[in-house]
Amino acid sequence: MLTRRAFAGRIGMAAAASRLLPEMAYAQRAAVKAGMAGDMVWLNANENPAGPPPVSLAAMQQVLPTSGRYHYQEFGEIYATIANSEELKPEQIVAGCGSSEVLHTSVDIFTSPTRPLISVTPAYEGPIELARALGHPVVLTKLRDDYTADVKKLAEEADKAKGGMIYLCNPNNPTAAMVKSSEIDWLVANLPANTILLVDEAYIHFGESPEIKSAIPYVRQGKNVIVTRTFSKIYGMAGLRVGFAAAKPEYIEKLHPLQINVIPIVSARAVTAALADKDNLIRERRAVLAKTRRELCGWLHERGVKYIEPHANFMMIDCGRNAREFINTMPKLGVAPGRPFPPLDNMLRVTIGTDAEMAKFRDVFWKVYKG
Ligand SMILES: Cc1ncc(COP(=O)(O)O)c(C=O)c1O
């Protein structure tokens, strides 16, 4: 029987643990509060200004009148479509309301009081905060001088702990640095006993380098690897809340019972419509984003402002002084940049928006930079 104190403790823990927040919630919690301009340029949550593609908008409009039903009977096919899009079998994926949900269940199941979450600092806070809220140990390793993850250190820590879950975001949020495929290969080949590698590929489609590759082939090979993906970023569907985890069936079976919901039918139809033209959509959107990103890099370079080489739809700019001044002042001038990311206190994270939005960003950033 539970004592009253233990029961209260469990409730508190459950409440805290249910807060695996997506980017927007972190952004709101961080910086952007009162006195916001109506025409604010939002470059704080790594969203895609393109939004859902026209085929998805049409599919959503079509299904809306029937959204009074759950549509349970369609979900087998919907999940199979998502799995097929990555040459996986349905039993190798579990879909969730955003990748937040499958990250949450993965941390919940594959870390424990004796199995730490092992990652880098800074990394995306969601899984780290959840592990802490659950009372599971968290081990964070330092980035290398070029801001990339040190995969050997991650393996060493997992070995020291006699197993755990390594959380590696590729490209990393907030640095936008990539982990080269050769390093992922090394990590998979050298995973210590009792260790799972979770690669969060929320931003993988924005990378142009031939050295960045998905870890999904390792899932197909049945390795101890989980890959999470989201439709929030390149697909422009952050508000529709769809993501999935890919892993061997043995892991997926463990994740399934923790899923809270089916994804909404409207969102599911948006996803399946987009997947029908996946390769073109990704290629086109990546090209548009990369052009805007290159222009910003060029502009910064011309002015001698340093930045971390970006491989995502955001980048980190070295302000040369504490970035909080930019984070606090820029929203008052109509541009909302990312939140602070200690220990990189001088770095400002900015999402790549449209060309017009980035013109405004440059203007406002430069005003603050010049002081
Ligand atoms: C690295 C990373 N993973 C996962 C997520 C969760 O996103 P979503 O729940 O919208 O899929 C985010 C949100 O921005 C993120 O930056």
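In each ligand, atom 1 is the first atom listed, and ligand 1 is the first ligand listed.
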Peer 1: Please work out which of the three classes, parallel, tilted or perpendicular, describes the rings of Phe365 and Phe361, given edges at 30° and 60°.
Peer 2: parallel
Peer 1: Could an N or O of ligand 1 be found under 3.5 Å from any N or O of Asn46, whether backbone or side chain?
Peer 2: no
Peer 1: Using a strict cut-off of 4.0 Å, indicate which atoms of ligand 1 neighbour a heavy atom of Ser232.
Peer 2: 8 (P), 10 (O), 11 (O)
Peer 1: Check ligand 1 against Arg241 and write out every atom of the ligand that is under 4.0 Å from a heavy-atom position of the residue.
Peer 2: 8 (P), 9 (O), 10 (O)
Peer 1: Closest approach of Gln92 and Val219, non-hydrogen atoms and distance?
Peer 2: NE2-O, 4.0 Å
Peer 1: Asp200 heavy atoms, cut-off 4.0 Å: which ligand 1 atoms fall inside?
Peer 2: 1 (C), 2 (C), 3 (N), 4 (C)
Peer 1: Please report whether the ring centroid of Tyr251 lies less than 6.0 Å from that of Phe110.
Peer 2: yes
Peer 1: Suppose clustering is done on Ile, Leu, Val, Met, Phe, Trp and Tyr with side-chain heavy atoms closer than 4.5 Å. Which residues sit in the same group as Met178?
Peer 2: Ile204, Ile212
Peer 1: Can you tell me which portion of Phe231 lies within the under-4.0 Å heavy-atom range of ligand 1? Options are side chain, backbone, both, or neither.
Peer 2: neither
Peer 1: Examine the proximity of ligand 1 to Cys169 and report which part, side chain or backbone, both or neither, has a heavy atom under 4.0 Å away.
Peer 2: side chain
Peer 1: Applying a heavy-atom cut-off of 4.0 Å, say which part of Glu101 lies close to ligand 1: side chain, backbone, both or neither.
Peer 2: neither
Peer 1: Hey, is the main chain of Ile128 close enough, under 3.5 Å, to the side chain of Arg132 for a donor-acceptor pair?
Peer 2: no
Peer 1: Just let me know how Leu103 lines up against ligand 1, side chain, backbone, both or neither, with a heavy-atom cut-off below 4.0 Å.
Peer 2: side chain
Peer 1: Would you confirm whether His205, through its side chain, and Lys233, through its main-chain N or O, come within 3.5 Å as a donor-acceptor pair?
Peer 2: no
Peer 1: Give the numbers and elements of all ligand 1 atoms closer than 4.0 Å to a heavy atom of Tyr203.
Peer 2: 1 (C), 14 (O), 15 (C), 16 (O)
